[in-house]
Visitor: 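Please see the structure below; I have some questions.
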Amino acid sequence: MSTAPSPPGPARAPRRASGRLVVLASGGGSTLAALLAAHDDPAFGARVVGVVTDRAGAGALDHARAAGVPTAVVAPADFPDRAAWDEGLAQAVAVFTPDLVVSAGFMRILGAGFLARFGGRTVNSHPALLPAFPGAHAVRDALHHGVRVTGCTLHVVDAGVDTGPVVAQVAVPVLDDDDEATLHERIKVAEREQLVATVGRIVREGMHVDGRRVRLGG
Ligand code: GAR
């Protein structure tokens with residue numbers, strides 16, 4: 001896939017009282033768990049209807065199973081190439097007919113095939129204040145750079161690596177004695193809160209993307 005960011009056209013996530021969420025995850029799934037903890041409250045306005053991972057061993061699958069949410073594993077090793085995997089991922093997600101796809105700790109780039117179907121209604125949670133520190137090692141990179149403030153970003157996914165329009169951000173201070181693990185844990189606390197609050201708003205109020213600008217509601 002291309003890593004060049006392409007400006008997304010105007011897009012609107014549907015305004016719906018019972019939004020269907022599909023969550024993509026690769027790891028332990030604490031951000032997924034926050035959405036699962038929220039989705040039984042009718043005021044949240046959304047339900048996680050499916051969880052798709054790229055790894056059979058992802059802890060996120062345990063959270064999904066414990067909540068009675070169906071799962072699918074789409075592992076790159078089961079596909080001949082990246083484009084075929086991307087198409088397989090899109091098909092697995094499409095089975096759940098999502099209104100919004102949430103990449104929450106999913107450590108792979110979503111390609112052209114996936115974005116052709118779900119572009120404009122896929123958001124990603126990233127553990128840094130984008131556009132600073134994109135990529136897979138955002139917390140380590142921020143620490144090595146010596147920034148005093150980092151944080152988390154929820155953004156619309158486009159064809160680039162963590163380049164899409166920003167929906168929400170929360171700042172997290174870097175403490176003198178932080179290492180990657182302690183800093184990431186504090187970022188994840190902020191991330192879970194931001195994810196639940198913002199995904200709820202997207203589903204309840206709608207999301208309008210106009211170039212780089214994102215507006216919720218209205
Ligand atoms: C989160 O901090 C998320 O932002 C990050 O992985 C963590 C997942 O935590 N994602 C990325 O770094 C993607 N580039 P979890 O497995 O406990 O939900």
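Atoms within each ligand, like the ligands themselves, are counted from 1 in listed order. Positions are given from 1, in the same order as the sequence printed here. Values below: all heavy atoms of this structure, side chains included; hydrogens, waters and symmetry mates excluded.
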Visitor: Which of the listed options, His137, Glu191, Met107, holds the heavy atom that is closest to atom 11 (C) of ligand 1?
Guide: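 When every heavy atom of His137, Glu191, Met107 is considered, Met107 comes closest to atom 11 (C) of ligand 1.
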Visitor: Give the residue, atom name and distance (to 0.1 Å) of the protein heavy atom nearest atom 9 (O) of ligand 1.
Guide: Lys188 NZ, 3.3 Å
Visitor: Identify, for atom 7 (C) of ligand 1, the protein heavy atom at the shortest distance, and state residue, atom and that distance.
Guide: His184 NE2, 3.9 Å
Visitor: Provide, to 0.1 Å, the distance between atom 12 (O) of ligand 1 and the closest protein heavy atom, together with that atom's residue and name.
Guide: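 Going by distance alone, atom 12 (O) of ligand 1 is nearest to Pro127 CD, 3.4 Å.
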Visitor: Can you name the nearest heavy-atom pair linking Ala142 to Thr150, along with the distance?
Guide: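 Closest pair (atom of Ala142, atom of Thr150, distance): CB-OG1, 4.0 Å.
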Visitor: Atom NE2 of His126 and atom NE2 of His155: how far apart are they, to the nearest 0.5 Å?
Guide: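 Output value for this atom pair is 7.0 Å.
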Visitor: Within this structure, what is the OG1-CD distance for the pair Thr153 and Glu191, rounded to the nearest 0.5 Å?
Guide: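 Those atoms lie 9.0 Å apart.
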Visitor: Give me the residue, atom name and distance of the protein heavy atom closest to atom 18 (O) of ligand 1.
Guide: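 Answer for atom 18 (O) of ligand 1: Thr31 OG1, 2.5 Å.
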Visitor: I need the atoms of ligand 1 closer than 4.0 Å to a non-hydrogen atom of Gly29, numbered in the order shown.
Guide: 15 (P), 16 (O), 17 (O), 18 (O)
Visitor: Nearest 0.5 Å please: distance from the OG atom of Ser125 over to the CG atom of Leu32.
Guide: 12.0 Å
Visitor: With respect to Ser30, determine whether any N or O atom, backbone or side chain, lies less than 3.5 Å from an N or O atom of ligand 1.
Guide: yes
Visitor: Suppose I only count heavy atoms of Gly28 and a 4.0 Å limit; which atoms of ligand 1 are within that range?
Guide: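 Every atom of ligand 1 under 4.0 Å from some heavy atom of Gly28: 16 (O).
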Visitor: Would Leu129 and Val157 show up in the same hydrophobic cluster when neighbours are defined by side-chain heavy atoms closer than 4.5 Å?
Guide: no
Visitor: Report yes or no: does Gly135 have a heavy atom closer than 4.0 Å to ligand 1?
Guide: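 True for this residue.
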Visitor: Could you list the atoms of ligand 1 found under 4.0 angstrom from a heavy atom of Gly27?
Guide: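 Listed by number with element, the hits are 16 (O).
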Visitor: Determine the minimum heavy-atom distance between Val174 and Arg186, stating which atoms define it.
Guide: CA-NH2, 4.2 Å
Visitor: Do Val161 and Phe133 belong together in a cluster built from hydrophobic side chains that touch within less than 4.5 Å?
Guide: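 Shared cluster, no.
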Visitor: For Ser125, counting its heavy atoms only, list the atoms of ligand 1 lying under 4.0 Å from any of them.
Guide: 3 (C), 4 (O), 10 (N)
Visitor: Just how far is it from atom CE of Met107 to atom CZ of Arg55, taken to the nearest 0.5 Å?
Guide: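 Reported to 0.5 Å precision, the distance equals 10.5 Å.
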Visitor: Tell me which protein heavy atom sits closest to atom 6 (O) of ligand 1, plus the residue, atom name and distance to 0.1 Å.
Guide: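 Of the protein heavy atoms, Gly105 CA, 3.6 Å lies nearest.
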